[in-house]
Amino acid sequence: MPHDPTADQRFFQTTTRDFLADTMPVSTVRALGEAGTGFDRHWWRRGAELGWTAMLVPESLGGGTISGRPMTELALIATELGRACAPGPFVTTNAVLAGLASAASAHSEAVTAVLAGTEVATWAIYEPGRGFPPLNIDPMGTRAAPDGAGYRLTGVKDRVESADQADLFLVTASGPQGPVQVLVRADAPGVTVTPGWTLDLVRRTARVTFDDVAITADAVVHAGDDTAPAVRAQALTAATLTAAEMVGATDRALDATLGWLSDRYTFGRPLSSYQALKHRMADNKTWLEACRATSTAAAAAWDDAAPATEETVSIAKSYVGAKTPVITQDCVQLHGGIGVTWEHDLHLYLRRITLGRALYGTPEEHHRHITDLLDPAAA
């Protein structure tokens with residue numbers, strides 16, 4: 001979150017927090033996980049009404065921001081979603097909208113539906129056996145072969161968030177003159193969705209197979225020189241929001257641990273009175289605040305269109321991805337035996353953080369990307 005949020009931003013954040021507390025308590029998250037349901041579509045539409053999908057959409061199509069700093073405001077929401085371990089395609093939907101922003105006028109119907117939450121869009125970027133493609137110079141294995149004014153799409157995408165509940169896929173593929181991005185409806189002939197498994201109870205992914213899927217000219221979102229900047233914007237959006245969500249989840253885990261150490265007594269003293277435990281919690285708090293600072297800087301760089309935005313986002317995603325699992329693991333250990341039980345909620349946050357570490361660039365992938373940015377000759 002910003003170091004000094006405006007009154008409007010603070011109200012936006014607290015409104016989201018109150019909504020999540022009322023509609024998505026941990027008991028509901030657990031129930032959705034046990035039922036095998038990713039998220040409730042009606043609930044997602046209510047979140048869209050609160051502005052969760054509006055920040056990157058032009059005002060002419062019904063979007064807009066509170067303060068003119070869309071990524072900062074989206075990061076506020078991501079932090080609250082992380083604190084609640086809430087479900088929903090928040091990160092992937094906004095990544096899609098970041099890609100559509102430059103071509104919104106040509107796809108206004110799709111943008112309007114996604115903005116309203118009546119349709120769910122997800123970004124199909126990962127491929128089997130490969131890391132995060134925007135950080136990898138290898139071409140896409142998914143191919144878009146010319147077919148008249150459109151294409152025939154063939155290939156496989158995996159780790160596609162909320163794919164089993166999506167209406168639209170924004171697919172990045174290799175075309176004859178370079179990468180292209182196309183919108184594909186989930187019910188199009190030749191599209192097969194195979195649900196997968198993730199460590200997170202409610203944030204699910206799937207494998208999507210495209211078997212000679214016909215892509216009309218009006219479904220082409222980006223081609224040629226426009227594609228790389230659009231994919232970069234999507235990658236920066238997904239990485240920034242995932243880092244913010246991990247910070248929120250870790251913040252909640254640390255709060256729960258502080259409460260536990262204060263309430264739990266041994267030998268007539270609260271656990272929080274022991275110096276060794278104080279030192280551990282002080283280290284965890286310091287690391288968390290550093291994570292928050294790097295996450296905030298990434299969102300601010302995006303909003304400012306800073307020259308070092310890519311580097312700043314990679315710093316945030318790599319640092320947050322490296323530190324938040326360590327902090328949360330220590331929170332589990334400080335709870336003792338109860339911390340590793342199914343009934344305790346800590347594992348929900350650890351699951352969310354572990355998945356966030358793996359998606360949209362691992363710390364190792366972002367470390368390599370930072371190296372490439374600092375030393376183009378090495379790249």
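Bear in mind that the values here come from a model prediction, so they are computed numbers and not experimental data.
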Does the side chain of [X] pick up a donor-acceptor pair with the side chain of [Y] at under 3.5 Å?
X    : Y    : value
H366 : S318 : no
E161 : Y360 : yes
T142 : E127 : yes
T172 : Q181 : yes
S67  : Q9   : yes
E73  : Q13  : no
T216 : D218 : yes

Is the closest basic N to carboxylate O distance between [X] and [Y] below 4.0 Å?
X    : Y    : value
E289 : K285 : yes
R351 : D200 : no
E119 : R185 : yes
R41  : D167 : yes

**Q.** ring-ring contact (aromatic ring centres under 6.0 Å, His included): pairs with one or both residues in residues 233-275, sequence neighbours excluded
**A.**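 Of all non-adjacent pairs touching residues 233-275, those that pass ring-ring contact (aromatic ring centres under 6.0 Å, His included) are W260-H335.
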Tell me, which pairs form a ring-ring contact (aromatic ring centres under 6.0 Å, His included) where one or both residues lie in residues 196-245, sequence neighbours left out?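 Those involving residues 196-245 do not exist here.
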The criterion is ring pair (Phe, Tyr, Trp, His ring centres under 6.0 Å); which residues satisfy it with Y126, sequence neighbours excluded?
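Here the qualifying residues are F132.
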Tell me whether [X] contacts the main-chain N or O of [Y] through its side chain, where contact means a donor paired with an acceptor under 3.5 Å.
X    : Y    : value
T240 : A299 : no
K317 : G361 : yes
T242 : A239 : no

Beyond-backbone contact of V191 with T209, side-chain heavy atoms, under 4.5 angstrom: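 With C-beta onward as the side chain, the pair stays apart.
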Report task. Using a 4.5 Å cut-off on heavy atoms from C-beta on, say whether the side chain of P87 contacts that of M24. Result ->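 M24 reaches P87 side chain to side chain.
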Could you give the side-chain donor-acceptor pairs of residues 247-255 under 3.5 Å, partners two or more places apart or in another chain?
unit_1	atom_1	unit_2	atom_2	d
T250	OG1	M246	O	2.8
D251	OD2	R83	NH1	2.9
D255	OD2	R83	NH1	3.4

**OP:** Return the set of residues passing side chain to side chain donor-acceptor pair (under 3.5 Å) with R69 (not counting sequence neighbours), or none when no residue passes.
**Re:**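 Counting only residues at least two positions away or on another chain, R69 forms a side chain to side chain donor-acceptor pair (under 3.5 Å) with D304.
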Exercise. Pairs in or reaching into residues 85-96: which pass side chain to side chain donor-acceptor pair (under 3.5 Å), with residues at least two apart or in two chains?
Worked result: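 Matches after skipping sequence neighbours: T92-T122.
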**Prompt:** Would the number of heavy atoms belonging to other residues, nucleotides or ligands and lying under 6.0 Å from CZ of R264 be above 12?
**Reply:**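 Check fails, neighbour count at 12 or below.
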